[in-house]
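Since this is a predicted model, take the numbers as computed values, not measurements.
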Amino acid sequence: MSADLILATLAAGGPPAVKLANVIQKLVIEAGKLGELDIAIRVVTTGQLLTEEEADDLPAEKRAAVKDHLVRIKRFPVRWLARLDDAINGGLLWSYPDEEIVRIMLMGPR
């Protein structure tokens, strides 16, 4: 799973972890400016995360029960986990400046 390598890299510490953390931070900041972060619905009482579609599809009685506990949040797109995983595996994360990696990731696959 993509997240496993990312978490292992961060947990290992040292320069690779710092580089990866900086890339993730810059990616979120730039993506936020461009409106590229995913929107999710968080159920405050349970901590459950739903897509907007899942929240819209809740049965009426369940939606009524949690209506006052739904909060829209922005989150890191899952598709970027695979891109970061590829960058780590290919050694590309260590070969380019942070800003260039962020630019490439925001462009998406070609």
Test E54 against L58 for side-chain contact (heavy atoms from CB on, under 4.5 Å), laying out the working first. CA-CA 6 Å; E54 290 170 335; L58 284 174; over 6 Å; no
Q48 and R42: CA distance, side-chain angles, deciding distance, side-chain contact (heavy atoms from CB on, under 4.5 Å) verdict: CA-CA 6 Å; Q48 180 183 12; R42 182 172 181 270; over 6 Å; no
Going through the checks in order, is the salt bridge (Lys or Arg N to Asp or Glu O under 4.0 Å) test met by R72 and E52? CA-CA 9 Å; R72 290 173 55 93; E52 289 181 304; 2.4 Å; yes
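Linking Ile, Leu, Val, Met, Phe, Trp and Tyr whenever their side-chain heavy atoms come within less than 4.5 Å puts V28 and L34 in one cluster. Linking Ile, Leu, Val, Met, Phe, Trp and Tyr residues whenever their side-chain heavy atoms come within less than 4.5 Å places I73 and V44 in a single cluster. Linking ILVMFWY residues whenever their side-chain heavy atoms come closer than 4.5 Å, directly or via other members, places Y96 and W80 in the same cluster. Clustering ILVMFWY residues whenever any of their side-chain heavy atoms sit less than 4.5 angstrom apart, transitively, puts L49 in the very cluster that holds V71. Under the 4.5 Å side-chain heavy-atom criterion for grouping Ile, Leu, Val, Met, Phe, Trp and Tyr, L84 is connected to W94 within one hydrophobic cluster.
Between M105 and R83, the closest heavy-atom pair is O-NH1, 2.7 Å. Taking each heavy atom of R79 and E36 in turn, the nearest pair found is NH2-O, 3.7 Å. Shortest non-hydrogen contact noted between A3 and L81 is CB-CD1, 4.3 Å. For the pair I101 and L93, the tightest heavy-atom approach, listed with the atom from each and the gap, is CD1-O, 3.4 Å.
For the pair K19 and D98, the salt-bridge criterion is met [side-chain N within less than 4.0 Å of a carboxylate O].
For the atom pair NE2 (H69) and CD1 (I41), the distance works out to 15.0 Å, reported to the nearest 0.5 Å. I24 CD1 to L10 CG: the interatomic distance, rounded to the nearest 0.5 Å, is 5.0 Å.
More than 12 heavy-atom neighbours from other residues, nucleotides or ligands sit within 6.0 angstrom of CZ on F76.
Residues L20 and I6 meet the side-chain proximity criterion, which asks for heavy atoms closer than 4.5 Å. Between L27 and L106 the shortest side-chain heavy-atom distance falls below 4.5 Å.
Of the options L37, D38, I39, a side chain to side chain contact (heavy atoms under 4.5 Å, CB included) to R75 is made by D38 and by none of the others.
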